[in-house]
Amino acid sequence: MHLTKPCGSNKRSSSSSSSSNQGGTIPNTFHSNKSSNKMAGITRTISQQRHHIHQRILAHTLLLAVAAIALLQLQNLESVSAQSMMTKNEPMFISRSETFKFITGETIVLPCEVANTDTYVVAWKRGIAILTAGSVKVTPDPRVRLVNGFNLQIREALPTDAGDYICQIATMDPREITHTVEILVPPRIHHISTGGHLQVKKGSSVRIECSATGNPMPNVTWSRKNNILPNGEEKLHSHVLSIENVDRHKGGVYICTANNRVGQPASSQVVLHVLYSPEIAVERPVVFSGEGHEAMLVCIVHGETQPEVIWFKDTMQLDTTERHIMETRGSRHTLIIRKVHPQDFGNYSCVAENQLGKARKTLQLSGKPNVAVFNSPPISQYKERYNISWAVDSHSPIEEYKLSYRKLPQGHEVVGNAIDSQSSSSSLSSSQSSSSSSSSSQMYGSGLHSHHIGSNMGGGGVSGGVGQMGSYAGYGNLMHWGRNDWRNVVLPAMPVSHHYSQGMSYMVRGLDPDQHYEATVQSRNRYGWSDLTNSFVFSTSSNDGPVDLSTFLNHGLSDNEMRDLSVTFYGSSAINRQKLGLLALSSATLILSLVLA
């Protein structure tokens, strides 16, 4: 600015000089030209200097701008570096918040791993209570301490240790993580309503409660030691056990079990005593024995309290003697009779008594035969006859048998070898009772009398007896029976067998083809008749099997010879069967020749 001012003043001077010259002054031409040249040179010089100044100013400005930019960049770099260093040095958590489950008694360890906490305090809190601050333990609980840095340890965990635990870094804006602790508590039964023992009278109702604690809440089940529950189940999922109408079969040890899958299940038991008057069951109502043998009569006696047991023969109380011995093993009471005499047979009774009542059961010592057992196949090989056989146990020799049989009435269902019908058994009983007294005299007597009875039966029906029996026997298929007609045959046991197991085989003839029949047997020894067997069902075939020897009766065989093939007696060996009056070799030869013919 200051450089331009002389130029302006020169112009004004020239103008004024020119004006003054015009005002009448005579110019000095030579002097004027010289001055003008000088001024022009000065102007050029000033212009060049001005240009150089502008260039310098521009260069300095550019340098200042570059320097400013570089400074700003440097300041930015320093700021980023400082911020980075500041971030790098800030405290931080390595552990994360978690939920932990511990069983009571275990050691709790809660992790709190941190970084860059040299100038900061790390503290553990539970609610408003401070447990630790830095490395200093604040809580007075001796179970609490820091391990491996700032990890919190609590020994012998208790249910009250459950809750939230906070690990905190004491910055301006506190940073923290929270761990949740759940304490798992094994089950424990803390209450049973009966106190472990319960006594009730028969017929009463029982209600037993079992309460348990634990975390999680345990499931409670009831079971019964060495037995099922009264409802027929093995377990009952309930804390209440109810038993209605209690009897001795429902007594025992009941077990309450609590389980929540933490540790071992807890259990407690209740012993249920049922108070009841004696109850007696006999092992065998009828005991079979023989003279000179030993007999054992057994009564099973139950009762709370334990009953006293007394034995009687008829109405006479028995005492322990050399031949009468009384044993007791638990609930089993036994009367042993050694070397049985005939007068020992009869009725016995055991009488049991306790504070709640008395009971009596009767037994019989019998010398009679046992009930016979059929052992012949259920289906005959023949269409008109059947070989029926049975065995019986008897200490005394069997003297005779009574066989009863009939065609099975319509409408009776055959199940195995038995009859599914009450009418059959009732009609059988009435028939047997009415005929038992007369059958022996009618069918086991003189030949003439027996033959007469055989004729009244329709001309056929039975064959085979022994001795006099053969005289009334008829042969053929001429007999027609009524609906419920029973046929009775009394067979003497000859020869007499002294084996304990004895048997008989008998050929029943005159049957209808392809029909069902039922049969029963009674046996008699010197002490009387045995009980009647259950009905045995057998069937005839629709076609004959082996050659029927009866077809050769008209070719020379006598009735006695055929009879001898029909009845067999045998003892316990059952293999050494003895045929009565075997056919002569000549008769056998005759039969063979007829067969070949």
How many angstroms lie between [atom1] in [X] and [atom2] in [Y], if you round to the nearest 0.5 Å?
| X | Y | atom1 | atom2 | value |
| --- | --- | --- | --- | --- |
| D531 | T520 | CG | OG1 | 12.0 Å |
| E399 | S394 | CD | OG | 9.5 Å |
| R224 | I243 | CZ | CD1 | 7.5 Å |
| S331 | R248 | OG | CZ | 8.0 Å |
| S501 | D393 | OG | CG | 4.0 Å |
| S211 | H191 | OG | NE2 | 5.5 Å |

Indicate yes or no for a side-chain donor-acceptor contact from [X] to the backbone of [Y] under 3.5 Å, with no hydrogens or angles considered.
| X | Y | value |
| --- | --- | --- |
| S380 | R385 | yes |
| K250 | N245 | yes |
| N260 | P216 | yes |
| T533 | V521 | yes |
| N215 | I103 | no |

Would you indicate whether the side-chain heavy atoms of [Y] and [X] approach each other to under 4.5 Å?
| X | Y | value |
| --- | --- | --- |
| E304 | Y276 | yes |
| V206 | L272 | yes |
| E294 | I336 | yes |
| D344 | L365 | yes |
| C256 | W222 | yes |
| V270 | H197 | no |
| I310 | Q317 | yes |
| M326 | T328 | no |

Does [atom1] in [X] sit with more than 12 non-hydrogen atoms of other residues, nucleotides or ligands closer than 6.0 Å?
| X | atom1 | value |
| --- | --- | --- |
| R323 | CZ | yes |
| Q343 | CD | yes |
| K202 | NZ | no |
| E308 | CD | no |
| Q264 | CD | no |

Indicate yes or no: does E209 engage R207 in a salt bridge with an N to O separation below 4.0 Å. yes
- Item | E384/R509 ion pair, N-O < 4.0 Å | no
If you compare all heavy atoms of [X] against all heavy atoms of [Y], which two are closest, and at what distance to 0.1 Å?
| X | Y | answer |
| --- | --- | --- |
| P513 | T540 | C-OG1, 3.3 Å |
| K407 | Y517 | CA-CD2, 3.3 Å |
| G367 | N525 | O-ND2, 2.8 Å |
| I300 | H302 | CG2-NE2, 3.5 Å |
| S530 | Q522 | O-NE2, 3.0 Å |
| S389 | N375 | OG-OD1, 2.6 Å |

### Message
Apply side-chain hydrogen bond (donor to acceptor under 3.5 Å, both in side chains) to residues H516 and S539 and explain how you reach the verdict.
### Response
CA-CA 4 Å; H516 293 295; S539 304; 2.6 Å; yes
- [ ] Apply side chain to side chain contact (heavy atoms under 4.5 Å, CB included) to C299 and L363, showing your working.
- [x] CA-CA 9 Å; C299 284; L363 305 86; 3.7 Å; yes
Practice prompt. List the steps and the verdict of side-chain hydrogen bond (donor to acceptor under 3.5 Å, both in side chains) for T334 and E327.
Written response: CA-CA 5 Å; T334 305; E327 291 183 351; 5.3 Å; no
### Query
Do K368 and W529 meet the cation-pi criteria used here (NZ or CZ under 6.0 Å from the six-membered ring centre, within 45° of the axis)?
no
In Y386, Y405, Y506, the residue satisfying ring pair (Phe, Tyr, Trp, His ring centres under 6.0 Å) with F538 is Y386
task = Would you please indicate if the ring centroids of F536 and W390 are separated by under 6.0 Å?
result = no
- Ring-ring centroid check F288 H395, cutoff 6.0 Å: no
- request: Step by step, work out the salt bridge (Lys or Arg N to Asp or Glu O under 4.0 Å) result for K339 and E291.
  value: CA-CA 7 Å; K339 297 181 180 180; E291 292 184 38; over 6 Å; no
Donor on one side chain, acceptor on other, R526 and S396, under 3.5 Å:
no
Any side-chain donor paired with an acceptor under 3.5 Å for N387 and S505? yes
* To do: Please lay out, stage by stage, how T221 and H237 fare under the test side-chain hydrogen bond (donor to acceptor under 3.5 Å, both in side chains).
  => CA-CA 4 Å; T221 59; H237 295 274; 5.3 Å; no
Report the C-alpha distance between D314 and M316 in whole Å, list the side-chain angles of each, state the deciding distance to 0.1 Å, and finish with yes or no for side chain to side chain contact (heavy atoms under 4.5 Å, CB included). CA-CA 6 Å; D314 296 327; M316 181 180 66; 5.9 Å; no
By ring-ring contact (aromatic ring centres under 6.0 Å, His included), F345 pairs with (sequence neighbours left out) Y527
Please test L403 against N488 for side chain to side chain contact (heavy atoms under 4.5 Å, CB included), starting from the C-alpha separation and ending with a verdict. CA-CA 6 Å; L403 170 67; N488 299 321; over 6 Å; no
Original post:
side chain to side chain contact (heavy atoms under 4.5 Å, CB included) between C350 and R360: does it pass, once the steps are laid out?
Top reply: CA-CA 6 Å; C350 56; R360 175 190 294 267; over 6 Å; no
